Amino acid sequence: MQDILSKYQTVLEADVTTWFEVGQVSDFLENSGACIKYKDKQIAVYNFARTEKWYACQNMCPHKMENVLALGMIGDKDDIPKVACPMHKKNFSLEDGSNLGGEDYKIATYPVKIDNGNVYIGFSD
């Protein structure tokens with residue numbers, strides 16, 4: 001199972017080598033998630049309209065290895081934007097992927113940029 005998770009590594013904006021276009025802003029519901037595919041990865045994308053920010057992370061919850069995070073509820077915990085796994089209610093920071101419940105596992109996060117109405121996610125592979 002670690003092999004599956006190892007393909008998901010957080011990418012910082014400074015390390016982006018590819019900005020992958022995933023659609024137009026109008027393709028994404030506000031305050032909700034959607035799943036896109038990049039190579040062999042499933043990536044969850046969130047239009048967090050309340051804060052006017054966009055986030056992307058791996059779609060796979062590392063708790064039970066299910067590709068469900070795009071269906072999770074977004075919100076905040078102590079002013080940290082987060083997603084809650086819809087199956088197990090584990091909360092992860094959308095900023096750095098940390099587990100907000102203090103458990104060991106975390107998720108990979110990716111930078112998002114909006115350019116001319118298009119949504120891009122940054123990758124380094």
Side-chain angles (χ1 to χ4, degrees):
M1 293 217 194
Q2 278 305 111
D3 290 345
I4 296 169
L5 283 177
S6 68
K7 69 182 167 185
Y8 294 103
Q9 300 293 322
T10 291
V11 176
L12 301 175
E13 191 161 350
D15 298 327
V16 171
T17 57
T18 301
W19 285 102
F20 183 69
E21 184 177 345
V22 298
Q24 297 180 325
V25 168
S26 60
D27 294 331
F28 298 88
L29 296 175
E30 291 185 350
N31 298 311
S32 189
C35 182
I36 64 99
K37 187 166 184 191
Y38 175 75
K39 296 185 178 181
D40 63 345
K41 298 176 179 79
Q42 286 191 33
I43 305 296
V45 183
Y46 307 94
N47 175 359
F48 205 150
R50 184 166 51 94
T51 61
E52 298 180 358
K53 292 186 179 177
W54 288 73
Y55 298 96
C57 66
Q58 70 188 53
N59 192 37
M60 180 176 288
C61 178
H63 177 234
K64 295 287 185 181
M65 309 295 284
E66 299 286 344
N67 283 305
V68 295
L69 292 181
L71 302 173
M73 289 178 41
I74 60 172
D76 64 71
K77 180 177 181 179
D78 301 326
D79 293 324
I80 299 170
K82 60 129 180 141
V83 61
C85 175
M87 294 182 72
H88 314 104
K89 308 303 183 243
K90 303 293 183 188
N91 289 289
F92 300 96
S93 165
L94 290 172
E95 291 179 335
D96 67 8
S98 61
N99 184 309
L100 298 177
E103 296 162 290
D104 286 342
Y105 41 80
K106 60 184 284 181
I107 58 172
T109 58
Y110 303 89
V112 180
K113 75 174 181 178
I114 308 300
D115 186 30
N116 205 21
N118 295 312
V119 181
Y120 298 85
I121 300 175
F123 295 97
S124 61
D125 62 338

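Keep in mind that this is a model prediction, so the values were computed, not measured.
Contact annotation: the side chain of Asp125 approaches that of Lys41 to within less than 4.5 Å [non-hydrogen atoms, C-beta and beyond]. Residues Phe123 and Ile43 are in side-chain contact: their nearest non-hydrogen atoms beyond the backbone lie under 4.5 Å apart. Counting heavy atoms from C-beta on, the side chains of Tyr46 and Leu69 come closer than 4.5 Å. Side-chain contact between Val119 and Val112: present, with at least one pair of heavy atoms (C-beta onward) separated by less than 4.5 Å.
For Lys90, the salt bridge (charged side-chain N to carboxylate O under 4.0 Å, His left out) test picks out Glu103, with sequence neighbours left out. Residues meeting the ring-ring contact (aromatic ring centres under 6.0 Å, His included) test with Tyr55, sequence neighbours left out: none. Remark: Tyr8 engages no residue in a ring-ring contact (aromatic ring centres under 6.0 Å, His included) (not counting sequence neighbours). Shown here are the ring-ring contact (aromatic ring centres under 6.0 Å, His included) partners of Phe28, two or more places apart in sequence or in another chain: Trp54. Listed by chain and number, the residues in a ring-ring contact (aromatic ring centres under 6.0 Å, His included) with Tyr105 are His63 (sequence neighbours excluded).
Annotation: the span from Trp19 atom CH2 to Asp115 atom CG amounts to 10.0 Å, rounded to 0.5 Å. Note: Thr109 OG1 to Gln58 CD = 9.0 Å, rounded to the nearest 0.5 Å. Atoms SG and NE2, from Cys61 and His88 in turn, are 6.0 Å apart once rounded to the nearest 0.5 Å. Note that the NZ atom of Lys82 and the CG atom of Asn99 stand 11.5 Å from one another [nearest 0.5 Å]. Taking NZ from Lys106 and SG from Cys57, the interatomic distance works out to 12.0 Å, rounded to the nearest 0.5 Å. Asn67 contributes atom CG, which lies 4.0 Å from atom CE of Met60 (distance to the nearest 0.5 angstrom).
For Lys37, the NZ atom sits in a loose shell: 12 or fewer heavy atoms of surrounding residues, nucleotides or ligands are nearer than 6.0 Å.
Between the side chain of Thr18 and the main chain of Phe20, no donor-acceptor pair closer than 3.5 Å is present.
Of all heavy-atom pairs between Asn59 and Ala70, the closest is OD1-N, 2.7 Å. Closest of all the heavy-atom pairs between Ala84 and Asn91 is CB-OD1, 3.3 Å.
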Output side-chain donor-acceptor pairs under 3.5 Å for residues 71-81, partner residues at least two apart or in another chain, one line each.
residue: Asp76; atom: OD2; partner: Arg50; partner atom: NH1; Å: 3.3
residue: Asp76; atom: OD2; partner: Arg50; partner atom: NH2; Å: 3.1
residue: Lys77; atom: NZ; partner: Leu100; partner atom: O; Å: 3.2

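Ile4 and Phe92 are assigned to two separate hydrophobic clusters, defined by single-linkage of ILVMFWY side chains at heavy-atom distances under 4.5 Å. No continuous path of hydrophobic side-chain contacts links Val68 to Ile107 [ILVMFWY only; heavy atoms under 4.5 Å]. Hydrophobic clustering places Ile114 together with Tyr38 (ILVMFWY residues linked when any side-chain heavy atoms are closer than 4.5 Å, directly or through intermediates).
Both tests do not hold together for Lys53 against Phe48: distance to the six-membered ring centre under 6.0 Å, angle to the ring axis within 45°.
Tested against Tyr110 for a side chain to side chain contact (heavy atoms under 4.5 Å, CB included), the candidates Val16, Val45, Val11, Leu12 yield a single pass: Val11.
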